Structure formats: C-alpha cells, structure tokens
Amino acid sequence: QVQVVESGGGLVQAGGSLRLSCVVSGVTFSRYALGWFRQAPGKEREFVARISGRAGGDNAYYGDSVAERFAISRDNDNNTVYLQMTSLGPDDTAVYYCALDTYPIGARTRTSDYDRWGQGTQVTVSS
C-alpha cells in the first residue's frame, strides 16, 4: 500500500527558512516523480515544485512564486523528498502537500497529474 507522509511544518518568522520532508512507502521510489503543492485558506491548491523520476533525470521544476527561494531534492536511498524553503513571507502560509506522480517525466503541474497525496503539513509565516 502506498503511503505519503509529510513532516517539518511549523511556525516561522518572515525571512526565515524551513525544510519539509516527505517519506513515500510502498513503491519503487526512484522511478516516480514527486511534487509539492500548497493550499492557503480560501484558495485553490497551487503547484510549488516537482522533481522528476529517474527516467526524467531528476529534473526540478518550480512555480513562479517560489522560484529562486525554494529547492526540491530527493534521497532515493531513504524514499524521501525534501522542500527547502528560504526567505519565507506571510504569503507562503499554507498547508503543504506532497504528491506522487507515476509518470516520471516532464513538468507536470496540475493536481490531476498526481496519483497519491499526503495529509499535508501546516506552514505558518508570521510577519
């Protein structure tokens, strides 16, 4: 059974940093792409970052609002994907979700592209 579990959220001051982790079990982790999305109250779920699977060369893709500030990476030995977030601002406050895409290639940014989702972890940035 596939499980996706995020951790690392919390409260941080504006300008600070935070690293989210996501552990995926029940799949051959290195094959698949992983994505991070976020959803603020009253807003649609927004694409944040994606890292492709092995066939896609582990390429990284970012949403426009986080490019240059966030970095996605993966540790295939530990079935974990990370989202390093820097220069955080109040607009980054949201529930952050990790998601698995069984299609490993390309810059897929729609929520419907992803097959399995975690429960989310709250990130709150105070001004």
Side-chain angles (χ1 to χ4, degrees):
Q1 185 174 356
V2 179
Q3 288 191 317
V4 180
V5 180
E6 306 96 334
S7 63
L11 175 63
V12 63
Q13 289 188 333
S17 300
L18 208 57
R19 188 177 79 159
L20 305 183
S21 301
C22 172
V23 178
V24 181
S25 58
V27 295
T28 305
F29 181 79
S30 61
R31 288 184 182 177
Y32 302 122
L34 281 300
W36 286 98
F37 290 76
R38 66 186 182 185
Q39 189 165 20
K43 294 189 176 181
E44 293 188 353
R45 197 165 293 192
E46 174 192 19
F47 171 75
V48 173
R50 170 184 171 93
I51 188 164
S52 23
R54 182 170 292 164
D58 292 342
N59 289 326
Y61 306 89
Y62 297 95
D64 291 341
S65 62
V66 306
E68 310 299 331
R69 298 189 298 123
F70 289 11
I72 189 170
S73 61
R74 65 190 298 160
D75 177 354
N76 290 332
D77 291 335
N78 290 293
N79 284 21
T80 303
V81 61
Y82 301 99
L83 185 69
Q84 179 67 50
M85 306 185 293
T86 63
S87 300
L88 286 163
D91 287 347
D92 296 313
T93 295
V95 178
Y96 283 71
Y97 296 92
C98 178
L100 172 77
D101 182 3
T102 54
Y103 189 76
I105 300 172
R108 287 156 59 90
T109 63
R110 299 174 302 180
T111 57
S112 58
D113 292 329
Y114 292 77
D115 304 285
R116 292 288 189 273
W117 292 80
Q119 294 299 306
T121 185
Q122 176 70 48
V123 172
T124 302
V125 184
S126 63
S127 57

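In this text the structure is predicted, and so the values were computed from the model without any measurement.
Residues E6 and W36 form a side-chain contact, since some pair of their non-hydrogen atoms from C-beta on lies under 4.5 Å apart. Side-chain contact between V12 and M85 is absent, with no heavy atoms from C-beta onward closer than 4.5 Å.
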Next item on the list: Start with the C-alpha distance between C22 and Y97, add both sets of side-chain angles, then the distance that settles side chain to side chain contact (heavy atoms under 4.5 Å, CB included), and finish with yes or no.
Entry: CA-CA 9 Å; C22 172; Y97 296 92; over 6 Å; no

Check: Passes side chain to side chain contact (heavy atoms under 4.5 Å, CB included), C98 versus L34? Steps please.
Finding: CA-CA 7 Å; C98 178; L34 281 300; 4.2 Å; yes

Notebook entry, point to check: Going through the distances and angles, do Y62 and I72 end up as a side chain to side chain contact (heavy atoms under 4.5 Å, CB included)?
Noted result: CA-CA 9 Å; Y62 297 95; I72 189 170; 3.5 Å; yes

Next item on the list: Any chance you could lay out the side chain to side chain contact (heavy atoms under 4.5 Å, CB included) test for F70 and L88, step after step, and finish with the verdict?
Entry: CA-CA 9 Å; F70 289 11; L88 286 163; 3.8 Å; yes

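Here R50 contributes atom CZ and S52 contributes atom OG; the two are 6.5 Å apart, rounded to the nearest 0.5 Å. In this structure, the separation between CZ on R38 and CG on D91 is 8.0 Å, given to the nearest 0.5 Å.
The stretch residues 23-95 participates, sequence neighbours left out, in no disulfide (SG to SG under 2.5 Å) pair at all. For the disulfide (SG to SG under 2.5 Å) condition, no pair includes a residue of residues 23-72, sequence neighbours left out.
Note: F37 and W117 meet the aromatic proximity criterion, with ring centroids under 6.0 Å apart.
Within a 6.0 Å sphere centred on CZ of R108, heavy atoms belonging to other residues, nucleotides or ligands number more than 12. Residue R54 qualifies as open at atom CZ: its count of foreign heavy atoms under 6.0 Å is 12 or below.
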